[in-house]
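Both ligands and their constituent atoms are indexed starting at 1 by order of listing.
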Amino acid sequence: MKATLPKQASPRPESTGAEVLEIAQISMVVEDVLAATQFIDVHTHLFAPSFGKLGLWGIDELLTYHYLEAEFFRSSHTRPEQYFALSKTQQADAIWRALFVENTPISESTRGVVAVLKAFGLPTDRLDLAEARAFFQTQSLEDHIQRVFDMAGISLVVMTNDPLDPEEAPAWLNVAREHPQFRAALRIDKILRHWASNWQALDAQGYKVDAQASGKSAAEVQRFLFDWYQRMRPRYMAVSLPDTFFYPAETVSNRLLAEAVLPSCGELDLPLSLMIGVRPQANPALRLAGDAVGRADLRSLENLCRTFPKNRFLVSVLSRENQHELCVYARKFSNLMPFGCWWFMNNPSIVEEITRERIEMLGTSFIPQHSDARVLEQVIYKWSNTRRTLAPILSNAYRLLVDDGRSVTRNDIQRDVTRLFRSNAESWMNLNGH
Ligand code: FIX
Ligand code: ZN
């Protein structure tokens, strides 16, 4: 008897994505869509390869990240001045020993390094860093960047570019080259926060400005911004502002903001990114790790959005206590786009709280996260953390929607994830097509 082949199961019709999902299917589809969608990382401190040593990567940079330095000084008797007198390699060895050998790496930042080592198939429990260093030494940067971006599920990052940085500015004038996955952002902290110690640099470059920013200074600052716009083609201008920031108030900073920066952003059709709430150098001995957080008076946002309705404001706030206000202001002003869970907010328990609140109050009209990566490989764990934290939050939102009487499809979920992690940024930052 001729062997009868088992009856081929009739092939399930190709899923169009328009099929109504069962409640039980939602989590899996959400995870799938989050994993399959390449995100845009709207704020990083990464650099395209042509910027050379400005771009940080590899195990020693991962370990000497200021988030880990802050934790190191809590788990070691080494004083900051002793630590900063060490070489980068010695600093990395000291941090590895204190936080990964003598203690369990359970904090968000230490777990991040473990996740990166695991992602490259490297051991995570060695007493020393020999194997990890050997691995990173064999990587060629261009290929490594591509591999890291693929592992992180991101297609494009926005850098942080300071035209008054003595190392970076010459790079833009000499070596900087366009890169398909890196876009610029024109960072103007030195103009809006440190004018007293930086106006001389503009003056030296031929811009007629003075310490009081009087006379033609505002117009000259505009000229400076336009010149750097030509060089960098930034997607937005950006400034980090202290918790004491208030607008309006009679300050040189606010005058330059109103008379130079916002008019330039308007003419160049660029959003202004305001990152509000840092308490700079609460402990200067810790250097980059020395900044803290303070609750800001967000009525400044109300005043700016109302006074400059044609300007777009990308806003991230550092204080947990300011998150709800930011959501409410975003409901009042469509020229305000909340983005990211910045810095001390970038911990899964807080990301969950902020993101749930934003979905409940703003739907998908916000940008949930940015990595703020200072070291290339950090995008791997920061984005896998984001996907891991967002999946149950989004799934729960869809289950509630079904409960309330509206069915959900894969296409719905794909449209929402694309909006949250791509098209909101693309439309606000003219990133279309990338
Ligand atoms: O101002 C900023 O862009 C901050 O993100 C940084 O200054 C900060 O040091 C940082 O790395 C936060 O993650
Ligand atoms: Zn940053």
In terms of side-chain geometry, is the basic nitrogen of Arg295 or Glu325 positioned less than 4.0 Å from the acidic oxygen of its partner? yes

Ligand-residue contact atoms, ligand 1 with His43, heavy atoms, under 4.0 Å: 3 (O), 5 (O)

Quick one: does ligand 1 sit under 4.0 Å from the side chain of Arg187, the backbone, both or neither, non-hydrogen atoms only? side chain

Minimum heavy-atom separation for Leu68 to Leu99, with atom names? O-CD1, 3.7 Å

Atom of Asp372 closest to the Zn ion (ligand 2), considering N, O or S atoms: OD1

Can you name the N, O or S atom of His43 that is closest to the Zn ion (ligand 2)? NE2

Taking only heavy atoms of Asp372 into account, list the atoms of ligand 1 that are under 4.0 Å away from them. 5 (O), 12 (C), 13 (O)

Are Arg410 and Asp32 close enough for a salt bridge, meaning some N to O gap below 4.0 Å? yes

Restricting to N/O/S atoms, is His370 within less than 2.8 Å of the Zn ion (ligand 2) or not? no

Show the atoms of ligand 1 that are less than 4.0 angstrom away from any heavy atom in His45. 2 (C), 3 (O), 4 (C), 5 (O), 6 (C)

Interfacing atoms of ligand 1 (cut-off 4.0 Å, heavy-atom, Arg374): 6 (C), 7 (O), 8 (C), 9 (O), 10 (C), 11 (O)

Pull out every atom of ligand 1 sitting under 4.0 Å from any heavy atom of Ser240, numbered as shown with elements. 1 (O)

Checking Ser155 against Arg422: is there a side-chain donor and acceptor pair closer than 3.5 Å? yes

Nearest neighbour in protein (non-hydrogen) for atom 10 (C) of ligand 1: His66 NE2, 3.4 Å

In the protein, which heavy atom is nearest to atom 13 (O) of ligand 1, and how far is it? Tyr67 OH, 2.5 Å

Using 4.0 Å as the upper bound for N to carboxylate O, is an ion pair formed by Lys208 and Asp203? no

Taking CZ in Arg193 as the centre, count heavy atoms belonging to other residues, nucleotides or ligands within less than 6.0 Å. Is the count above 12? yes

Got a salt bridge between Asp269 and Arg312, using NZ or NE/NH1/NH2 to carboxylate O under 4.0 Å? yes

Are any of the N/O atoms in Trp342 less than 3.5 Å from those in ligand 1? yes

Verdict with supporting geometry, Glu61 and Trp57, side-chain hydrogen bond (donor to acceptor under 3.5 Å, both in side chains): CA-CA 6 Å; Glu61 297 296 346; Trp57 62 288; over 6 Å; no

